[in-house]
Protein chains: 2
Amino acid sequence: MTQAKDDPLAMRISRVLAERIIAGALAPGARLRQGPIAEEFGASHMPVREAFRRLESQGLVVSEPRRGVRVAGFSQAEVKEVAEMRAALEVLALRHAAPHLTRAILDAAEEATRAGDHAGDVEAWEEANRLFHRTLLAPCAMPRLLRTIDDLQAASARFLFSGWRAEWEAPTDRDHRAILAALRAGNVDLAALVLGRHVQWIGPRGQDQAGRPAGRRAGP
Amino acid sequence: MTQAKDDPLAMRISRVLAERIIAGALAPGARLRQGPIAEEFGASHMPVREAFRRLESQGLVVSEPRRGVRVAGFSQAEVKEVAEMRAALEVLALRHAAPHLTRAILDAAEEATRAGDHAGDVEAWEEANRLFHRTLLAPCAMPRLLRTIDDLQAASARFLFSGWRAEWEAPTDRDHRAILAALRAGNVDLAALVLGRHVQWIGPRGQDQAGRPAGRRAGP
DNA sequence: GAATCAAAAATTATCGATAATATTGAAAGG
DNA sequence: CCTTTCAATATTATCGATAATTTTTGATTC
């Protein structure tokens, strides 16, 4: 799905572990021991450790020296933090991408939105959602910004999966459509405003029931 | 200066290498070979490789599989990218920190500004500048955000050093004082506005002479 | 003289083993 | 019965060596 298997072992291991953490197969706080993981992948400790460092930089695990790594927990505060960082950075990316958005790109983003509407489970919806954002923001051509946004999206997806694993129905994504409409009309400011709010939408249930995002500065 | 020497060897190595890259001792594009570096630190390859991964996540080196790592270059576009990310994220951090800013914290930030004014060289000025920002933003209590900002500051410092190594005179930092004044007056919006512009200030010389930052959306 | 190919040298990626440190559990003491 | 201490065990951090690639070098040909 992602990339060929000719890149370093550490990369493959980190990808698999990241998937597991995001999907919730590895619970927050769970210790990741290098021995068993190395054995599972038929590798030695070195690639596993490199994978750990990569996961650490993505914020998916926390590492205490001499004490190993464990899956990063996410309190409501942390989820909010990630959401607000995403909002700030995706708005920035969108403003830079806007001048480069062609008709074809907007159509592709709309197609991604449609795919999300028809998604049968959270995973499919999340993938479509990610594709929407990526399609719209990639033309900003700011690699470091895009990398950071990707990591934040991964963290967001974790939260999404944790809350919704079972009961799921694909919601028609009004925000996505509003963003596209604004962009088609050339109203970048409006698109950025909606995107900023959209990204901070935490969903119907947080750790507690206070689902209202805090960074909401503009009206509804 | 930073931390004791009881944390993993990889951490110490990455710190030293980071300092060298930021200070310009290692030129952009220069290859970092694990053999010589391991030998220099009296270590084996493993910690060196871990240090590389860490530097990679900070954006200080780029790694091509099977081909080693090299010091990341920075075009004017990349410098601008970092500056705009910093602006977006530092403004976010400041808005969250503002409610927690005490008189003592503001005084400490002012002291950092004074130290910067009296700095004799770029390094000292940069350290004071970093301290100013850190003092003001740390109370936001958003660890991931602060970590990201730190990495971006490091990238900024690289650029600063590259341009100013020789001719240097400490400039009185009007922006810092304006930010503090606004905060003391309780005008968070103004402080955020000035901070956002301040961070994007590229200095009198870029790679080419077009020093005007592009993200400048509000008037002077 | 420039381009090409092939062996040689260098370098990265990985492994298996060792040393250092943390964790655990049981025994002793209060 | 709970707390503390100490050894047995488990795990991390690190090393030295090996395998797999890439880069160089040097002749060789057009």
Side-chain angles (χ1 to χ4, degrees), chain A residues 2-21 25-73 147, chain B residues 2-21 25-73 147:
Chain A
T2 38
Q3 202 169 322
K5 53 173 169 269
D6 68 312
D7 43 19
L9 234 189
M11 205 70 78
R12 263 179 292 166
I13 295 175
S14 95
R15 263 199 286 267
V16 172
L17 293 178
E19 280 172 24
R20 286 183 196 167
I21 294 172
L26 290 168
R31 283 186 67 174
L32 261 55
R33 295 192 207 81
Q34 59 188 215
I37 292 175
E39 194 176 2
E40 172 187 347
F41 286 91
S44 76
H45 287 180
M46 169 104 69
V48 175
R49 285 184 133 273
E50 281 191 275
F52 282 177
R53 293 287 90 82
R54 174 165 261 275
L55 293 171
E56 186 183 8
S57 83
Q58 294 178 306
L60 293 176
V61 306
V62 293
S63 163
E64 294 175 282
R66 285 272 168 212
R67 204 162 297 193
V69 304
R70 52 185 61 226
V71 177
R147 236 191 333 132
Chain B
T2 40
Q3 202 170 324
K5 53 172 171 269
D6 68 310
D7 43 19
L9 195 42
M11 204 69 80
R12 265 179 291 166
I13 295 176
S14 96
R15 263 199 285 268
V16 172
L17 293 178
E19 280 172 23
R20 285 183 196 169
I21 294 172
L26 290 168
R31 284 184 67 174
L32 262 53
R33 296 192 206 80
Q34 58 187 216
I37 291 175
E39 193 176 1
E40 172 187 347
F41 286 91
S44 77
H45 288 179
M46 168 106 68
V48 175
R49 287 176 70 74
E50 281 191 275
F52 283 177
R53 294 287 88 83
R54 173 164 260 274
L55 294 171
E56 187 182 8
S57 82
Q58 295 177 304
L60 293 176
V61 306
V62 293
S63 161
E64 294 174 282
R66 287 268 168 214
R67 204 161 296 194
V69 304
R70 55 185 60 226
V71 178
R147 234 186 343 127

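Letters go in sequence order (proteins before strands), and every chain restarts at 1. This one's a predicted model, so the numbers in the text were calculated from it and none came from an experiment.
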Legend entry - Residue pair B/I13 / B/E40, side-chain heavy-atom distance below 4.5 Å: no
Legend entry - B/Q34 side-chain proximity, nearest of C/dT14, C/dA13, D/dA13: C/dA13
Inset, instruction - Hey, which sits more toward the 5' end of DNA chain D by its nearest nucleotide, A/H45 or B/S44? - result: A/H45
Inset, instruction - Hey, which sits more toward the 5' end of DNA chain C by its nearest nucleotide, A/R31 or B/F52? - result: B/F52
Legend entry - B/P8, nearest nucleotide to its side chain (from C/dC15, D/dA13, C/dA13): D/dA13
Legend entry - Closest-nucleotide ordering on DNA chain C, the 5'-leading residue of A/R67 and A/A43: A/A43
Inset, instruction - State, with a plain yes or no, whether a side-chain heavy atom of B/E56 is found less than 4.5 Å away from one of A/R54. - result: yes
Inset, instruction - Tell me what A/I37 touches on the nucleic acid: a base, only sugar-phosphate, or nothing, going by heavy atoms under 4.0 Å. - result: nothing
Inset, instruction - Rounded off to whole Å, could you give me the CZ-to-C1' distance for the A/R70 and D/dT11 pair? - result: 13 Å
Legend entry - Atom-pair distance (CD on A/E64; P on C/dT21), nearest Å: 17 Å
Legend entry - Integer-rounded Å distance: C/dG16 C1' and A/L9 CG: 15 Å
Inset, instruction - Send over the distance from B/E50 CD to D/dT14 C1', rounded to a whole Å. - result: 9 Å
Inset, instruction - Measure from CE on A/M46 to C1' on C/dA17 and round the result to the nearest Å. - result: 13 Å
Inset, instruction - Could you check if a side-chain atom of A/L32 sits within less than 4.5 angstrom of a side-chain atom of A/V61, using non-hydrogen atoms only? - result: yes
Legend entry - A/E39 CD to C/dA17 P, straight-line distance once rounded to whole Å: 14 Å
Inset, instruction - Calculate the interatomic distance between A/E56 atom CD and D/dA13 atom P; express it in whole Å. - result: 10 Å
Legend entry - Atom-pair distance (CZ on B/R66; P on D/dA19), nearest Å: 14 Å
Inset, instruction - State whether a side-chain donor-acceptor pair under 3.5 Å links B/R53 with B/S14. - result: no
Legend entry - Phosphate OP1/OP2 of C/dA13 contacted by B/R49 side-chain N/O (<4.0 Å): yes
Legend entry - Pairwise distance CG(B/L9) to CZ(B/F41) - rounded to 0.5 angstrom: 8.5 Å
